[in-house]
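In what follows, chains carry the letters A, B, and so on, assigned in the order in which the sequence lines appear, proteins first and then strands, with residues in each chain numbered from 1.
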Amino acid sequence: MSKDYKDSLCLPKTQFPMKANLTTREPQIIEKWEKEGLYGKIMEARKDAPVFAFHDGPPYANGHIHLGHALNKILKDIVVRSRILMGNKVYYRPGWDCHGLPIELAVEKEHGKKVHGLDIHEFRNFCKGYAEKYIDIQREEFKRLGLLGDWENPYRTMEFDYEAEIARSFIECFLKGYVYKGLKPVQWCIRCQTALAEAEVEYEDHASPSVYVAFPFEVEERAKWPEALKGFDASAVIWTTTPWTLPANLAIAFHPDFTYVAIKTKDRVYVVAEELMEIFLRETGVSGTVEGKFKGKELDRLYFRHPFYDRKSVGLLAQYVTSEQGTGCVHTAPGHGQEDFISGLKYGLEILCPVDGKGNFVEDLPLFGGQNVFEANQKVIQLLKDKHALLKSSTVHHSYPHCWRCKNPLIFRATKQWFISLEHDNLRRRSLEAIEKVQWIPAWGRNRIYGMIENRPDWCLSRQRKWGVPITLLSCDKCGEWVKDRKFFDNVVKAMEERGAGVWFEADPSGFLPENFACPKCGGKKFNAEQDILDVWFDSGVSHKAVLGKNPDLPWPSELYLEGSDQHRGWFHTSLLTSMILDDKAPYKSVITHGFTLDGQGRKMAKSMGNVIPPSEVTKKYGAEVLRLWVSMVDYRDDVRLSWDLLNQNAEAYMKIRNTIRYLIGNLNGFDPEKDKVPVEKMLEMDRYILYLFNRLIPKVVKAYDDYAFHIINRELLQFCTVTLSSFYLDIIKDRLYCSGEKSVERLSAQSVLYLVLVKMLKLMAPILPFTAEEAWGYLYGENAAPIHAEVFPEAFVEEDPAVIERWDKLREVRETVNKALETSRQKGEIGKSLEAKVVISVKDGGALSLLKQYEKILPEVFIVSQVEVLEGEDPVVVVPLEGAKCPRCWNVPVGFVKAGEDELCPRCAEVISKLS
RNA sequence: GGGCCUAUAGCUCAGUUGGCUAGAGCGCACGCCUGAUAAGCGUGAGGUCGUUAGUUCAAUUCUAACUAGGCCCA
């Protein structure tokens, strides 16, 4: 029985725990970062460095963060951290969007009826408190993900100076002539006499009249009619469930690509869409024959006679015309419907709305003046019947919008609203031109936002709400002229800076007028103040004004915006428009979008589906690093999937990386880089080979950071750890590390590689795995070392020898063949571990033969076998199980033994032992 | 219904301007090791490249339609 030689080996040794215990360790590291002021230290270290301007899009201050937030903010954090390691100064100032309807609704829900009794200031205070509460909650949730930034000083759209900036920006838009007041249909409750937002609408079953109405073609234009109609006096038939809107009818919409048919009955000719003809005939009981067909586009701008007023109704084309119900000829009243309104704008129609806030027709409306709209339904139907315009009248039950407060049915009613004109000063065209100058990542983002800006209607800015920044305009009571006095606006903005946007509601805003101000138009002295507030999209849309350019570290324009792809319609869009108005330039140079988070099956995450994974549960179960690793694994430009299964996969990948790091640290035990580092040119060739491979990895990873292609980094780092290091290099050098003399050149050479790789690799992964990088950094350099997060990325650091790389790539191929042969032998039960084998390689190819001959001495090490013989011949690889005794120290089966004390050891071990004593 | 986008092994990704038997890692299966041990190593099985048509000598790659999914409109 030979003695135990374990003590004579240099086995890996470290306190770096194998078990990450992220759920408890991460919060400790975060606390440490805060305590030592890590972010301040980094900013200090980059004091004179070039600034990378990055602007945070503000999440809405409502509710807990969800996975989408986590994805977004972790991506941003990887950007921030990687740019810092590229040597830039990056000031990340997080923001929150604080105003708006969802918070108002939440406050109303929270406080119940009590809220209705509150005056506007008390109500706004409740809203403010609510937003603050959720900012605090979200801030903690974000910090838990390891996000680096100025969390003590975020920007908040409800901050007084921010509110003042919103007002100032709006005033600029107004004074530059972009802002006008126009009509727009909104959901309206005639009982509460108020506009309702979509979120306040409840859909319930409702019984409505259903009528088919004929609109005769204008006979005077017969020449322009489709051929099929020319011989007849034809009528287009519309279908509606709101007969009371017929007095406001100004148009009939057709689908340009639908086929329409002329149906001849015994006394008239009706036009309906071919696809809906059958339903039409069945519903109305009309019978007739098809006399001809034509496309909807032939009806563009033809005129029809209104069934009971002496006026025309124009034919227009619209994509929204459906072939699922109705007749394919859609009654259009621009004052009473969203789509009707859009079409009305497009065709230059009046936004006619002869209905007041109580739901009564205005007094001067012929035939129905003063009547309630719902009660007027039957009278309209009767009138249609009298005019022989009614084909059929019945009742339908369908889902219809109701007021969530009083539960009464709503109507669509045009109301006066403030708009930003897309045409004023060529805003639309200039914006489109600006889009071309921005780099969109991925590239299709350009098409998406371009199409939206190209086709969007004017921006409706006003909301009949309380929690927001008021539209600070006054109109003359006498002549209606809007006050454009600079001094007045300055006073308003100044007051807001001091006391917040609420000042507008405190007293009569006329008080902000200069003394003795009179209307320049009529000399009037009495003014009325607007009570509406601004769309919250305007708030966040001017963040570039309120946040950028006020601090040298956060300049305007921003280098980068990074948000979900829904923001092409949202923040990117509104920011662009306001910036074009205010500065005639986009506020960003490049824009990155990421996709949405879906479940493991690629389905949307929803409470009702039970597939929601809250970030807090991920950090609780796995830790932020695992979530961050997931973010870096997926190609975020497309939608991304997350499931517990996927997290598990990432937890294992994390363990692989962590164990590799741990092993490197463990084997560097006792290694003093100052004294022990072997210069590259004196290293063993295999060690240099690994260094070359790692050397190639560095620029690849740094470039991927620069390109924001994080999933490439994930793959490259993980593969380097598993393939190059763990299964190849580390496995091979075990013998050298453990069994060679502690300070032998063989061992120090390998340790030098481990050291270089570890230090540089930690920096490369620090943006993705900041906690782990920091933890390992501490084991290398001690707890008080300069933080890894203020380091810079490594650069390629050795001159590669391509011949070495080529030779070793080839040797690795041979190694694979040898492994297959060993496995076969193992399956046969001839050997267990590979050290029990001798390998005989026979090759014919001259080049390969000389290569193997050249390396014959170290091949046992490379293949992790005891002996290797290289022959010229045809048999590729023969595995010979070795029966002989193994060296009790290194477990190799040597060709010959050497006496060392009481035992026989292999020559190498004998020498090492002899030097020990 | 419209605009934009996506679809390659169970999962996450590669696949240069169309051209060898479509790759990797993970997972899985089987095995080895017990001196990285709640670790490490080896081997292997998995793909009609969403479907269908078209262009071409040749299509995962180009075109169209369809299907499924996502975002934004309506």
(message) For B:G42, give the paired nucleotide (Watson-Crick: N1-N3 plus N6-O4 or O6-N4; G-U: N1-O2 and O6-N3; both under 3.5 Å), or none.
(response) B:C30
(request) Remember a base hit wins even if backbone is also touched, and classify A:Gly832 as base, sugar-phosphate or nothing at under 4.0 Å, heavy atoms. (result) sugar-phosphate
(request) Kindly indicate whether a cation-pi arrangement holds for A:Arg812 with A:Phe728, taking the cut-offs as under 6.0 Å to the six-membered ring centre and within 45° of the axis. (result) yes
(request) Tell me, please, the opening and closing nucleotides of RNA chain B, 5' to 3', among those with an atom under 4.0 angstrom from a non-hydrogen atom of chain A. (result) B:G1 to B:A74
(message) When the P atoms of B:U67 and B:U56 are compared, how many Å lie between them, rounded to an integer?
(response) 27 Å
(request) Give me the residues of residues 637-647 of chain A where at least one heavy atom lies under 4.0 Å from an atom of RNA chain B, by number, or none. (result) A:Asp638, A:Asp639, A:Arg641, A:Leu646
(request) Could you verify whether a donor N or O on one side chain and an acceptor N or O on the other, from A:Asp340 and A:Tyr320, lie under 3.5 Å apart? (result) no
(request) Report the residue (A:Arg569 or A:Cys739) whose heavy-atom-nearest nucleotide on RNA chain B is the more 5′ of the two. (result) A:Cys739
(message) Taking pairing as Watson-Crick or G-U wobble with both contacts under 3.5 Å, can you name the mate of B:C49, or confirm there isn't one?
(response) none
(message) Can you confirm whether the side chains of A:Arg658 and A:Tyr654 place a donor and an acceptor under 3.5 Å from each other?
(response) yes
(message) Taking any heavy-atom pair under 4.0 Å as a contact, classify A:Leu9: base, sugar-phosphate, or nothing.
(response) base
(message) So A:His568, base contact, sugar-phosphate only, or nothing? Heavy-atom distance under 4.0 Å.
(response) nothing
(request) Counting Watson-Crick and G-U wobble pairs only, both distances under 3.5 Å, name the nucleotide matched with B:U37, or none. (result) none
(message) So for atom CD, which belongs to A:Glu436, do other residues, nucleotides or ligands contribute more than 12 heavy atoms lying within a distance under 6.0 Å?
(response) yes
(request) For A:Trp630, answer base if it contacts any base atom (sugar-phosphate contacts may also be present), sugar-phosphate if it contacts only those atoms, and nothing otherwise; contact means non-hydrogen atoms under 4.0 Å. (result) nothing
(request) Compute whether any side-chain donor of one residue and acceptor of the other, for A:Ser740 and A:Glu746, lie under 3.5 angstrom apart. (result) no
